[in-house]
Amino acid sequence: MEQGFNSDSNAPSAPIDKSRVYDVKPLRSLVPVFPNTPGMSSISTPNPTPFVCVPPSGPFPAGVQPFYPFMVSNGSQPTMTRNHSANTGFNSGIPDPVPLNSFRTPTPQANGGSSRAKRAYKTSGSASVVIEDDGYSDAQDQSDQYASGFGTHVTDADDASNSGKKRRGRPKRRVVGNGAEIDVESVANNILTLFKLKEFDEIRKANGDKDTTATVLLVYDLIRRTLTQLEEASDNTPGGARRPDLKSSNLLMTKGVRTNNLKRTGHVPGVDVGDIFFFRMELCLVGLHAPSMAGIDYMSVKVTVSEDPVAVSIVSSGGYDDDDGDDTNVLIYSGQGGVQRRDGQMFDQKLERGNLALEKSLHRGNDVRVIRGIKDTSNAPGKIYVYDGVYKIHESWAEKNKSGLNVFKYKLIRQPGQPEAYSLWKSIQQWRDGTAGRPGLIIPDLTSGAETQPVALVNDTDGEKGPAHFTYVASLKYSQPFSASKPFSGCRCLGGCQPGDSSCPCNQRNDGLLPYSSAGVLLTTKPVIHECGQSCQSPPNCRNRISQAGVKFRLEVFKTKNRGWGLRSWDPIRAGSFICEYAGDIVKVTASDFENANDDNYIFDAGRYYEPLERVYDSNSSKKAPFPLVISAKSNGNVSRFMNHSCSPNVFWQPVLRESNSGVCLHIAFFAIHHIPPMQELVYNYGIPTEADRGKKKCLCGSVKCRGHFY
DNA sequence: GTCTAATCAAAGGA
DNA sequence: CTCCTTTGATTAGA
């Protein structure tokens, strides 16, 4: 098969006219960067096939070409024909497909990094807006005040332009509780230094891969969470929201820690269909969808002499009256505009910008990425964005809305052969609310109510009826404390521990900063986390009791293809979320116990050697835990005993200390390394085997980084 | 080059 | 839970 340019290559034998296929090709701002020949420009190549997207899905080893290893046969035919007819029907007045060479305009870096690099942290533009609207001017002043309140990050240029503008109204002071100012820049720099990302290389900026996107998102999350934490701790201004999501992404954008920074149609390397995101800016950082707010992303393409906009991606998140019908492969998308954001005033939509781009893409027949915004039920006002793969636009029309105003509508149909994404969410929703049964269900809740959430036992793979018998216990039980010493007294936080409360002993024990965000997400990893204990007066829902509160996600134990039973979640899991602790029996490390432990497949041993987890903040020192703890979950255990090993884990463990009456107990808590989409198996690294044990357990994790065996 | 308008955001409070 | 206010970033296009 010829080198695929783009997702069109996934239908090699489909009877589509070639001109249309070529038509979708290398767009003007697609500038391939080749790891092996960095200086080469594709523009001068006679045969410009090089734009090969890394397969977006699956753990394909390096060097695999197929874009998608599936499909070709079913369903694609009728889709194509319909598409074709739709196009010809609408073709009047639109330029015909352009020959390939017209795309090779030698203006590659037009919107490249150079202009961006000069962008200041905070534009001075907002200050000059402050003329028209009195109601608005105050807010603008406030924002300026805020920006300069951070001091160090404001560039000289900004200071100059700000001071040149006259401030109107009463300047509002930013009150800072601790007297400590948050230095956003240095927070970010520290984290970037830690991850050795001060210089993010151009190759990774231009084209992502799984590792790069994961790194960018991780660092984004770290900076965002750290800012959240610092602002929570120091900020008592009303109205609280200081948008750490935007600030941290802005920092990364200006520092060039981003990937797929040039627009392109089709899949984006390093992002799989089904991947989930929790902020719009995350889409931006990985190059999936550039605008920070707008729902339609487009780029312009040179057509002979003029330029045409072409849609590359859309976000459908219910802002307009999109049709979310039963068929998850179809999306009726509303055009943009027609509503004044400030005052809600409405008018006709116009065929310009994104709307025009969608119209052009209809005739062009190019792939359009679709990101579905879904309400996050676990996190009230929040939203989760699911990359639902590529669609093609099949129809467009204009209709009148309730107010009789013009609205454009676009009918998009999902390209066949892509992994389940949005449809999977719909299925899960049905399993949950009972409108559809979970296929292969053996037991609805194998914990028999021991957890607050039921844990289904499922086998849709083979005939096995369940794992060997064990007793479900929700937590690790100590017969005697890990350490009898009680070095601290409990807190008196009746309303739960609060960040910034320096008198709270829990804050103090955790180096002055609570380990969890208000949403219960782990902020930074540490050698040990000190949670509230028995003598603390904080309520059970205190944010410093996250690992004691039990499993919050809807998990299921399922039969894997070749690795026995495994664990996965119906719910999406945000990076840093607590998943479960390792429950079981403490194994005393005597010679005989150790022998028994060796044929126990349900051992957790903190004393093993663990590779430093590059993905996790501050874990670079955790080669070996500074304490002995061996847990067996063979006869007593919880969901954790089903978590398999992987050399590319999505879960890591973290020691947690909880004090009880008799002393201090150490627990092992599992947290998500990155965002985990529903139904993706939860796996962690079991540790590196000693020489003696090497080769005993063959690893089947399938990761590119697989070391072949595990402990 | 600069600048601004347009945009299916996110959080918190009422 | 919905609505409203506040604080906002990115990019296309002027």
Side-chain angles (χ1 to χ4, degrees), chain A residues 29 110-111 114-116 118-132 135-136 138-147 157 161 172 174 224 228 231-232 235 237-254 258 261-263 277-285 287 289-300 307 309 312-322 324 331 333-344 349-350 352-357 370-377 379-385 407 517-519:
Chain A
S29 42
N111 58 349
S114 55
S115 64
R116 187 171 288 113
K118 285 189 187 160
R119 270 184 48 87
Y121 171 75
K122 171 94 169 67
T123 61
S124 55
S126 56
S128 57
V129 181
V130 190
I131 313 166
E132 335 272 306
Y136 200 53
D138 232 27
Q140 291 293 349
D141 277 349
Q142 197 180 348
S143 89
D144 280 349
Q145 185 70 31
Y146 173 66
S161 70
K172 289 180 186 168
R174 179 178 152 76
R224 187 184 55 76
T228 308
E231 293 194 356
E232 262 188 327
D235 192 1
T237 50
R242 296 301 182 196
R243 302 309 302 267
D245 57 325
L246 298 184
K247 264 183 235 155
S248 42
S249 74
N250 177 261
L251 273 159
L252 292 183
M253 297 289 271
T254 53
R258 58 183 300 189
N261 65 342
L262 298 179
K263 292 190 181 186
F277 304 88
F278 287 77
F279 292 92
R280 277 291 297 262
M281 296 315 298
E282 292 182 335
L283 305 177
C284 188
L285 287 166
H289 186 85
S292 58
M293 299 178 79
I296 306 168
D297 191 8
Y298 60 99
M299 61 195 277
S300 71
E307 294 212 336
V312 297
S313 63
I314 58 172
V315 175
S316 166
S317 50
Y320 290 83
D321 204 12
D322 293 344
D324 191 41
L331 172 64
Y333 191 79
S334 302
Q336 64 188 186
V339 56
Q340 183 78 260
R341 266 179 45 83
R342 276 257 291 296
D343 50 20
Q349 289 189 347
K350 295 196 205 87
E352 57 184 24
R353 302 170 186 277
N355 299 345
L356 182 60
V370 170
I371 297 111
R372 304 261 195 170
I374 300 173
K375 253 182 275 175
D376 184 357
T377 46
N379 193 12
K383 230 176 250 176
I384 297 175
Y385 299 94
V407 176
S517 78
S518 55

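Every chain is numbered from 1 and lettered A, B, ... according to where its sequence line falls, protein lines coming before strand lines.
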_Taking the side chain as everything from C-beta on, heavy atoms only, tell me whether A/Ile314 gets closer than 4.5 Å to A/Leu331._
yes
*Between atom CD1 in A/Ile374 and atom C1' in B/dA10, what is the gap in whole Å?*
17 Å
_Pairing pattern in dot-bracket form [Watson-Crick, G-U; both distances under 3.5 Å; | = partner strand] for DNA chain B_ = .||||||.||||||
*Is the closest side-chain heavy-atom distance between A/Asn355 and A/Lys350 below 4.5 Å?*
no
_Test side-chain hydrogen bond (donor to acceptor under 3.5 Å, both in side chains) applied to A/Ser248 - qualifying residues, sequence neighbours left out_ = none
_Without decimals, in angstroms, what is the distance between A/Met299 CE and C/dG13 P?_
12 Å
_A/Arg353 or A/Ser292, whichever maps to the more 5' nucleotide of DNA chain C_ = A/Ser292
*Could you tell me whether the phosphate oxygens of C/dA12, OP1 or OP2, come under 4.0 Å of any side-chain nitrogen or oxygen in A/Lys263?*
yes
_Applying side-chain hydrogen bond (donor to acceptor under 3.5 Å, both in side chains), can you list everything that pairs with A/Glu282, at least two apart in sequence or on another chain?_
A/His675
*B/dA9 P sits how many Å from A/Lys375 NZ, rounded?*
14 Å
*In whole Å, what is the span from the NE2 atom of A/His289 to the P atom of B/dT7?*
13 Å
*Would you please confirm or rule out a distance under 4.0 Å between OP1 or OP2 of B/dA10 and any side-chain N or O of A/Tyr385?*
yes
*How close or far is atom C1' of B/dC8 from atom CG of A/Leu283, stated in whole angstroms?*
12 Å
*Validation row: A/Phe278, A/Asp245 side chains within 4.5 angstrom (heavy atoms)*: no
_Just to verify, what does A/Arg224 make a salt bridge (Lys or Arg N to Asp or Glu O under 4.0 Å) with, not counting sequence neighbours?_
A/Asp221
*Do A/Tyr298 and the base of C/dT11 stack face to face, with centres under 5.5 Å apart and an angle between planes under 30°?*
no
*List in chain and number order the residues that pass side-chain hydrogen bond (donor to acceptor under 3.5 Å, both in side chains) with A/Ser316, two or more places apart in sequence or in another chain; answer none if no residue qualifies.*
A/Asp322
*Options B/dC8, C/dT10, B/dA6, nucleotide nearest the side-chain atoms of A/Cys284*: C/dT10
*Distance check: side-chain N/O of A/Asn250 vs OP1/OP2 of C/dG8, anything under 4.0 Å?*
no
*For A/Leu246 and for A/Pro309, locate the closest nucleotide of DNA chain C by heavy-atom distance; then report the residue assigned to the nucleotide nearer the 5' terminus.*
A/Leu246
*Distance, rounded to the nearest Å, where A/Asp245 contributes CG and C/dT10 contributes P*: 11 Å
*For C/dA14 and B/dG1, measure between their C1' atoms and round to the nearest Å.*
13 Å
*What residues, two or more places apart in sequence or in another chain, satisfy ring-ring contact (aromatic ring centres under 6.0 Å, His included) together with A/Tyr320?*
none
*Atom C1', compared across B/dT7 and C/dG8: separation rounded to whole Å*: 12 Å
*So which one's nearest nucleotide on DNA chain B is more toward 5', A/Gly337 or A/Phe278?*
A/Gly337
*asked:* Let's see if you can work this out: which of C/dG8, C/dT11, B/dC8 has an atom nearest to the side-chain heavy atoms of A/Ser317?
replied: B/dC8
*How many Å lie between CZ on A/Arg243 and C1' on B/dG12, as a whole number?*
11 Å
*Which residue lies more 5' along DNA chain B, comparing A/Pro291 with A/Arg280 via nearest heavy atoms*: A/Pro291
*For the pair made of CE in A/Met293 and P in B/dT4, what is the distance, rounded to whole Å?*
19 Å
*Could you check which of B/dC8, C/dT11, B/dA11 has an atom nearest any side-chain atom of A/Arg258?*
C/dT11
